Amino acid sequence: MSQESEYGAGQIQVLEGLEAVRKRPAMYIGSTDSRGLHHLVYEVVDNSIDEALAGHCDDITVSIHDDGSVAVTDDGRGIPVDTHEEYDRPALEVILTVLHAGGKFDNKSYQVSGGLHGVGVSVVNALSSRFEVEVKRDGGVFRHAFERGEPQGDMERVRDLEAGEDTGTEIRFWPDDDIFETDQFAFSTLSNRLRELAFLNSGVRITLRDERERTDEGDVVAETYEYEGGIREFVEYLNETRSEMHEEIIYFEDEDENIQVEVAMQATQELQGSIHAFANNINTREGGTHLTGFKTALTRVVNDYANENDLLSDLEDNLKGEDIREGLTAVISVKHPDPQFEGQTKTKLGNSEVRGIVESAMHEGLGIYFEENPDTAQAVVMKAVEAAKARMAAQKAEELTRRKSALDSTSLPGKLADCQTKDPEDAELFIAEGDSAGGSAKQARNPEFQAVLPIKGKILNVEKHRLDRILENDEIRNLITAIGTGIGDEFDVEDIRYKKIIMATDADVDGAHIRTLLLTFIYRHMRPLLEGGYVYATQPPLYRIRYRGETYDAMTDAERDEIVAENCDGNPTQVQRFKGLGEMNPEQLWETTMNPENRILKQITVEDAAAADKMFSVLMGDAVEPRKQFIKDNAPEAEWIDI
Ligand code: 0RA
């Protein structure tokens, strides 16, 4: 074959590759909603993190621009710009236009990141209406631009590198609005993930700049994350508002078969544990072999210590894992040359050899720590003994079992106005705040597929009580029975009765508080509901505006002003302010909040379990100052619990 036709064949392959990405974007980035949009940023940042892990980069900046684009800059080696032999094009162009081409270029011993979908930066290019790259390397500055993945002209060398000028890569992309349902980048979503990456990769400095916002002093809003202490500082951060049982963070690391293992942990007085496992920087939400190894060793080391020191005389049995994990904050991070991800959402680490490596690292590390710190060891054991006693007391009185089976029973709560359909796919449950909103909602609903459960006032703060107490609460029991799945270990999503569980609370402080209480409970005891995307909050409008026989709803003051100016010639017939759901008549409630045609629902997701954990412990814990600060810093997000 001649050079020319070979080149032609290469080009065709290029086009096919990116065409496929644009045809089925969800196959490559998971979804085209807000999650998918943010995934584009992570995909680019992952490449910079790989440079950092290979030891060539320590500074990464992510900038959200006010023209809808995001730029990621790093001080790595720069994407190669020499000619790629197979394609006879600059390597830079091949890497950005051929699926999975990136990996072929580097002879890294392993690529640690690569993202959950691990698809490479060419996918970001394919899904961007415009994509610009600037590379500093080989003594020059090179630029190239693309539109929907197609090169616009040739790569250009724009100038020489100046003496002492650093190498690196800058990628700026404009997500294609033909592909994505939203174009809004959320600072809090990006900051949570970038902070997490900085914790997981100690020494890398990551800056997030929001060019859309200015501080009171007129500066660009920016945060920098850099943690020399790595996951030790992650645990400190998670425990900021928890009361810890020992000063220093327990930390150890190990490497075996080219697999790196790091564990950081600290016991707290709280009831909720907060254990997070990562593999190659990916939050392995479904757990896996690293988490199993950690749990097995933890249970064994603590029981061995307790037995050797005669600390279990009050108990008939050894401590259970759950007793020991009560109040424990831990981060487990492994880096593996060839990670296997399994499970429904591909967030479960499958590599079987990891289990033993984590288990023995943990056995040795924690064993040594206990020997050297007998006071802490003693305190940890005593706390677990308390947890075990509470667990057994509840069991002995048959409380827990009786309540749990009562929850399984088919008798639905009397306050529930159930819907006619028994198909969870179509069924919706409105959890309405207070009896008056509940009453209105019962009148307003479409009983074919909409059920209503009124809940009274404030429900129990589950952050503060063990399960036996939580199950004494009527409101919570009604909720569990209505949803049908059970809770905790007994949770089974197969038994779900409604695939939309909608919190209908007022748009005021009380409403936000109740929503947070409900979400805390769901997060702690029915988390798969959040992970499955079954939990929603209503977003009722704040104003209804009438003009010349038309009605308009406004969610904010600004929206009201806009409608008055643009649709009502500045002179509306009526502007009605809705104070709460309970004050709407059933017809208004149906039109604004329940009718699937008009209503606005906000799906509540847990993008990031560590951030969610932190948020719930801050929002629902004892410490007042951090809570005030958190709400101040996260006002819109905290209000909507946008995790
Ligand atoms: C391929 C090979 C090499 C580096 C990169 C890609 C690279 C990609 C990105 C994306 C963002 N920043 C990046 N930095 C580097 C290795 C090149 C070499 O051996 O010098």
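Any value given below was found using the heavy atoms of this structure, including those in side chains, with hydrogens, waters and symmetry copies removed. As the structure lists them, so they are numbered: ligands from 1, and atoms in each ligand from 1. The model shown is predicted, which means the values in this text are computed figures rather than measured ones.
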Participant: Compare every heavy atom of Ser122 with every heavy atom of Thr97, then report the nearest pair and how far apart it is.
Facilitator: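 Here Thr97 and Ser122 meet closest at N-CB, 4.1 Å.
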
Participant: Just to verify, what does His363 make a ring pair (Phe, Tyr, Trp, His ring centres under 6.0 Å) with, not counting sequence neighbours?
Facilitator: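 Residues passing ring pair (Phe, Tyr, Trp, His ring centres under 6.0 Å) with His363: none at all.
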
Participant: Of Ile95, Thr73, Ile79, which has the heavy atom at the shortest distance from atom 9 (C) of ligand 1?
Facilitator: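 Going through Ile95, Thr73, Ile79 one by one, Ile79 has the nearest heavy atom to atom 9 (C) of ligand 1.
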
Participant: Indicate yes or no: does an N/O atom of Asp74 lie under 3.5 Å from an N/O atom of ligand 1?
Facilitator: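 Checking ligand 1 against Asp74, an N or O pair does fall under 3.5 Å apart.
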
Participant: Show me the donor-acceptor pairs within less than 3.5 Å that the side chains of residues 136-145 make with the rest of the protein, sequence neighbours left out.
Facilitator:
from: Lys136; atom 1: NZ; to: Glu165; atom 2: OE2; distance (Å): 3.2
from: Arg137; atom 1: NH1; to: Arg77; atom 2: O; distance (Å): 3.4
from: Arg137; atom 1: NH1; to: Gly78; atom 2: O; distance (Å): 2.7
from: Arg143; atom 1: NE; to: Glu134; atom 2: OE1; distance (Å): 2.8
from: Arg143; atom 1: NH2; to: Glu134; atom 2: OE1; distance (Å): 3.1
from: His144; atom 1: NE2; to: Glu93; atom 2: OE1; distance (Å): 2.6

Participant: Which ligand 1 atoms does Arg137 reach within 4.0 Å, using its non-hydrogen atoms?
Facilitator: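 Listed by number with element, the hits are 17 (C), 18 (C), 20 (O).
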
Participant: Minimum heavy-atom separation for Arg22 and Ile179, please, with both atom names.
Facilitator: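 In this case the closest contact between Arg22 and Ile179 is O-CD1, 3.9 Å.
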
